[in-house]
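Here is the structure we will look at.
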Amino acid sequence: KEKVEITKEQRTLMKVIVDAYSTHQIPQDVAKKLLQEQYSADENFLLLTEMATSQVQVLVEFTKNIPGFLSLDREDQIALLKGSAVEAMFLRSAQVFSRKMPSGQTEVLEERIRKSGISEEFIIPMFNFYKSIVSLHMVQEEQALLTTITILTPDRPYVKDQQAVERIQETMLELLRKLCVLQRPQEPQYFARLLGRLTELRTLSHYHAEMLTSWRTNDHKFTPLLCEIWDVQ
Ligand SMILES: O=C(NC1CCCCC1)[C@H](C1CCCCC1)n1c(-c2ccc(-n3cccn3)nc2)nc2cc(F)c(F)cc21
């Protein structure tokens, strides 16, 4: 039986990541807004672009707190942000969806999202992903590390020094592996299941540009930041 132990520096690293993750959250709670009232497809599209824009801003702030990120090549830092922004947004959306809510509210939220203006064919893969995240019952440490691991994916387009990214990602993977073993001794495959979600996430993120252009709205307006990050306009 493997004796797994979190070292002192791993505990420090964990604290830095979780503190940064909980600090850098977008201010307003979109789930609360969606539960308050029904919006039109146009209003929902505007809400999505506003939420996504502020989420990219907090993602940039969050990455600055990932130990080692700022010592990467500057252009590689940009390539990692650009390459992971959509995945980070869907992962965050899934985590918002998996939050514990008073009974019946998750169903209302799901209904509002289904009717938000997203075209039918993307609703299924999106909720399949959300429900697979819900079923993991992730704790905050796992959510923060999974987002960090997603950002630190070495094979994003235009990353020059992939080894440097790999080294930092491996540190985070090792920490997450230990956490999973300690957190869920009765579920030896849990770590592998967590990483499997990143594959689903990447697949879902392939649809995002099409999801945007097929949104039932007359005016697909994007902020300059989203034009930068999303392959639209
Ligand atoms: O605001 C949202 N997500 C934010 C983004 C930043 C971080 C926090 C959440 C949206 C929301 C905007 C208003 C209409 C209805 C959807 N949302 C989404 C969503 C839906 C589609 C897309 N698309 C991406 C490309 C094309 N579509 N992205 C996110 N899933 C959600 C799950 C929730 F529990 C949930 F509460 C909202 C969610």
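Indexing begins at 1, ligand by ligand and atom by atom, following the structure's order.
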Identify all N/O pairs between ligand 1 and the protein with a separation under 3.5 Å and present them as a table of atom names and distances.
| from | atom 1 | to | atom 2 | distance (Å) |
| --- | --- | --- | --- | --- |
| ligand 1 | 3 (N) | S93 | OG | 3.3 |
| ligand 1 | 30 (N) | Y130 | OH | 2.7 |

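Among residue pairs with one or both ends in residues 80-100, those qualifying as ring-ring contact (aromatic ring centres under 6.0 Å, His included) are F97-F127, F97-Y130; sequence neighbours excluded. For residues 50-76, the set of pairs meeting the ring-ring contact (aromatic ring centres under 6.0 Å, His included) definition, not counting sequence neighbours, comprises Y21-F62.
Within a 6.0 Å sphere centred on NZ of K131, other residues, nucleotides and ligands contribute more than 12 heavy atoms.
D155 meets the salt bridge (Lys or Arg N to Asp or Glu O under 4.0 Å) test with R202; sequence neighbours excluded.
A salt bridge between E142 and R184 is present, with a side-chain N of the basic residue lying under 4.0 Å from a carboxylate O of the acidic one.
Checked against L152 for a side chain to side chain contact (heavy atoms under 4.5 Å, CB included), the options T63, I168, T147 give a single hit: I168.
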